[in-house]
Amino acid sequence: MPQPKPPTVYPHSLYRWLVLASLLPLVPVGVSCGAKFEKDHHSFANPEHIRVRHVDLDLNVDFERKSLAGQATLTVERTSDDGKQPLLLDSRALRVKKVEWSTDGRSFTEGTFSLGKTDPILGEKLSVPAPVGVKLVRVHYSTGPRASALQWLDREQTGGKRHPFLFTQSQAIHARSWIPLQDSPGVRVTYTAHIRTAKGLLAVMSANNDPKKARDYRFEMKRAIPPYLIALAVGDLAFRAVGPRTGVYAEPGVVDKAAIEFADMEKMVKATEGLYGPYRWGRYDILVLPPSFPFGGMENPCLTFASPTVLAGDKSLVSLVAHELSHSWSGNLVSNATWRDFWLNEGFTVYLERRILEQVYGKQRAEMEAVLGRRGLERELAELKPPDQVLHIDLKGRDPEDGLTDVPYEKGALFLTHIERSVGRERFDAFLKSYFDHFAFRSITTADFVAYLDSHLVKGDRKLAEKLSVEEWVNRPGIPGRAPRLTAEALTRAEEQAKTWLGGKVPAKSLKTAGWSTQEWLHFLQALPEKLGRERMKELDEGFNFSRSGNSEITFQWLMMAVRNGYEPASPRLEQFLTSMGRRKFLQPLYAELVKTPQGKERALRIYRKARPTYHPIAIATVDAIVGWKD
Ligand code: BES
Ligand code: ZN
């Protein structure tokens, strides 16, 4: 993995933005006319000359060959006078067969194209010379066996074991591995799709879905979305309605459990609408994927993709639903224009998530999640180099997923909580609502947000500007000194129990843990020192049965402790955990902890040899680097 470089833009560029915006309150540069153009270092595309507006897909899902094959017809528009510029697209490991173009939208002429050499992070630049007046460009292609967005599951890898399964994960820059397009979040597109697949399988997309159709599927996404939100899944899927516009898709063996776990979806949509304005995407459904899904959740519009690891049986991990739903405002409606602005997606979303939790499950639950988030952030900051602690992070030359730390999520959310507390909830709620309206269906940069904040909230109030300290929050490492203090009584009590037990006088079994929630258990475990010793681990396990927990978050936490302390009785559970799900957030730290000792490394390799074929390419890339895997 490339090493972090020192940031190139460190001085106060945003501060200048602030000053500029406050000097010109009537001409909010780069705001009213949409995002000011900012170079996306993670795309080869040239939207400043010629821009893709719509993608029409016609794809055959070939489970035998593990390939999507067909064509993508791109509606393009010249955006500069320089008519000589070719259309530059992103691609990764695609087999391009033929390119055609059309100037009248009906008849096509075969054209030329060239594929650049492979960049390990970005893939290949696909250059298509396009004549003056070009309207459509059609690429005939198929996906390669290493397409980073796709996971093809053999029937044995599914719950039902009878049908194969395919799903995509396009964020951050994997859309290009299954669709040739301008794969930059600043280049929004509408899309239509014709998906052909085998009988008996259901295809669903991040668009309007119809659970009653079969074999021959047509989809339409009428709103312009960033390419990383284009998603497809095909498998033996069943559907259960949860509310009038909400429901769940999953394999038949999982769908009822999912419907019970996610019973509060409709309430959550209503709560968010009450705060931030109407839900603008029609239906809101959740697709529960097989366990190899590499993330907890992915906010594909109309259809959140979710890991079955959140089905705890007691709704204790449904903050994930609140999170992915929130992205329907922060992320999908208003999107980050480049991956440096990722905190605009995730920081806002974590803030919204907790507001929803507060409304649906009460203040306590929201406070606990906030405290857990803050502690996680502190632990992570202790390990991160200063440039990686910055919200407006410089990712040039790096994989955008290097920016996937607690910083955009938790520091971002903390920043918004700081603004909320500085101006009061009422004012901040009104501000956020107007922000979502103002930038609806656009992709914006950090500077766009800062300018809008200045013109619509700060409005020349110097004292407030000083208090908010935006420049410090956005461009400097660490947590600003005046960050909000967060507390949750229940967690303080859990921490006290941890201390009592560590004191050695009260046995684990006699601690006051009755009725504890998942969040209290997590906090209790996290309050214990890293090195506990095997005896004390054993006492905890005998007292609370952690090695047999069915909750993925508690299991993960416990297994981290087990590896650190060489607690052998948890070994079977560790192996079972690592071979039964592919969520990167769990895999990455566990493998990293294992490889710290020679025996651990051996064990990691032994488990990984077995598990690797079941993981998604995105998780494989991560774990390969940790264990030093060579094909
Ligand atoms: N959009 C992210 C997932 C993501 C980010 C995938 C960047 C690829 C690149 C999603 O909304 C997310 O944050 N998921 C979290 C769960 C959430 C509750 C914090 C996850 O998967 O752990
Ligand atoms: Zn998210």
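Ligands are counted one by one from 1 in listed order, and the atoms in each one are counted from 1 as well. What you see below is based on every heavy atom in this structure, not just the backbone, and it leaves out hydrogens, waters and symmetry mates. Remember, predicted model here, so these are calculated numbers, not experimental data.
- Heavy-atom contacts of L404 reach the following atoms of ligand 1: 5 (C), 7 (C), 9 (C) (cutoff under 4.0 Å).
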For this session: Report the C-alpha separation of S328 and R280 in whole Å, then their side-chain angles, then the decisive distance to 0.1 Å, and conclude whether the side-chain contact (heavy atoms from CB on, under 4.5 Å) test is met.
Result: CA-CA 8 Å; S328 307; R280 308 189 199 209; over 6 Å; no
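- Remark: ligand 1 atoms within the under-4.0 Å shell around heavy atoms of E299 are 1 (N), 2 (C), 10 (C), 11 (O).
- Sorting the N, O or S atoms of E346 by how far they are from the Zn ion (ligand 2) puts OE1 first.
- Between F449 and W343, the distance from one ring center to the other falls under 6.0 angstrom.
- Atom 2 (C) of ligand 1 has as its closest protein heavy atom E346 OE2, 3.3 Å.
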Problem set entry | Pair E266-R283, salt bridge (charged side-chain N to carboxylate O under 4.0 Å, His left out): steps then yes or no | CA-CA 10 Å; E266 192 72 35; R283 292 194 54 88; over 6 Å; no
For this session: Apply side-chain contact (heavy atoms from CB on, under 4.5 Å) to S326 and R355, showing your working.
Result: CA-CA 10 Å; S326 296; R355 294 296 303 275; over 6 Å; no
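- Judged by the 6.0 Å and 45° rule, R612 forms no cation-pi pair with Y615.
- Looking at Y409, Y228, F295 and measuring to atom 12 (C) of ligand 1, the nearest heavy atom belongs to Y409.
- Counting only N and O atoms by type, the side chains of S148 and H174 include a donor and acceptor under 3.5 Å apart.
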For this session: Give the C-alpha distance, both sets of side-chain angles, the deciding distance and a yes or no for side-chain hydrogen bond (donor to acceptor under 3.5 Å, both in side chains) between T518 and S316.
Result: CA-CA 6 Å; T518 296; S316 62; 3.0 Å; yes
Problem set entry | Verdict with reasoning, Q157 to F165, per side-chain contact (heavy atoms from CB on, under 4.5 Å) | CA-CA 8 Å; Q157 289 172 272; F165 202 105; over 6 Å; no
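- A salt bridge links K585 with E553: at least one charged nitrogen is closer than 4.0 Å to a carboxylate oxygen.
- Ligand 1 lies within reach of G297, whose nearest heavy atom is under 4.0 Å from it.
- At the shortest separation from atom 4 (C) of ligand 1 among protein heavy atoms lies Q171 OE1, 3.2 Å.
- Scanning the protein heavy atoms around atom 22 (O) of ligand 1, the nearest turns out to be R583 NH2, 3.5 Å.
- Taking every heavy atom of H327 and a limit of under 4.0 angstrom, the matching atoms of ligand 1 come to 11 (O).
- The proximity of E353 to ligand 1, defined as any non-hydrogen pair under 4.0 Å, does not occur for either the backbone or the side chain.
- Residue-ligand proximity: Q169 is placed with a non-hydrogen atom under 4.0 Å from ligand 1.
- The Zn ion (ligand 2) has no N, O or S atom of E324 inside 2.8 Å of it.
- In terms of modelled atom types and a separation under 3.5 Å, the side chain of T555 and the main chain of S549 share a donor-acceptor contact.
- In terms of protein heavy-atom proximity, atom 15 (C) of ligand 1 is nearest to E324 OE2, 4.2 Å.
- Residues E358 and R365 are not paired through a salt bridge, judged by the lack of any N-O separation under 4.0 Å between the basic side chain and the carboxylate.
- Neither the backbone nor the side chain of V350 has any atom closer than 4.0 Å to an atom of ligand 1 (non-hydrogen atoms only).
- At a 4.0 Å heavy-atom cut-off, ligand 1 touches H323 through the side chain alone.
- Polar contact with ligand 1: present for G296 (N/O pair, distance under 3.5 Å).
- Closest N/O/S atom of H323 to the Zn ion (ligand 2): NE2.
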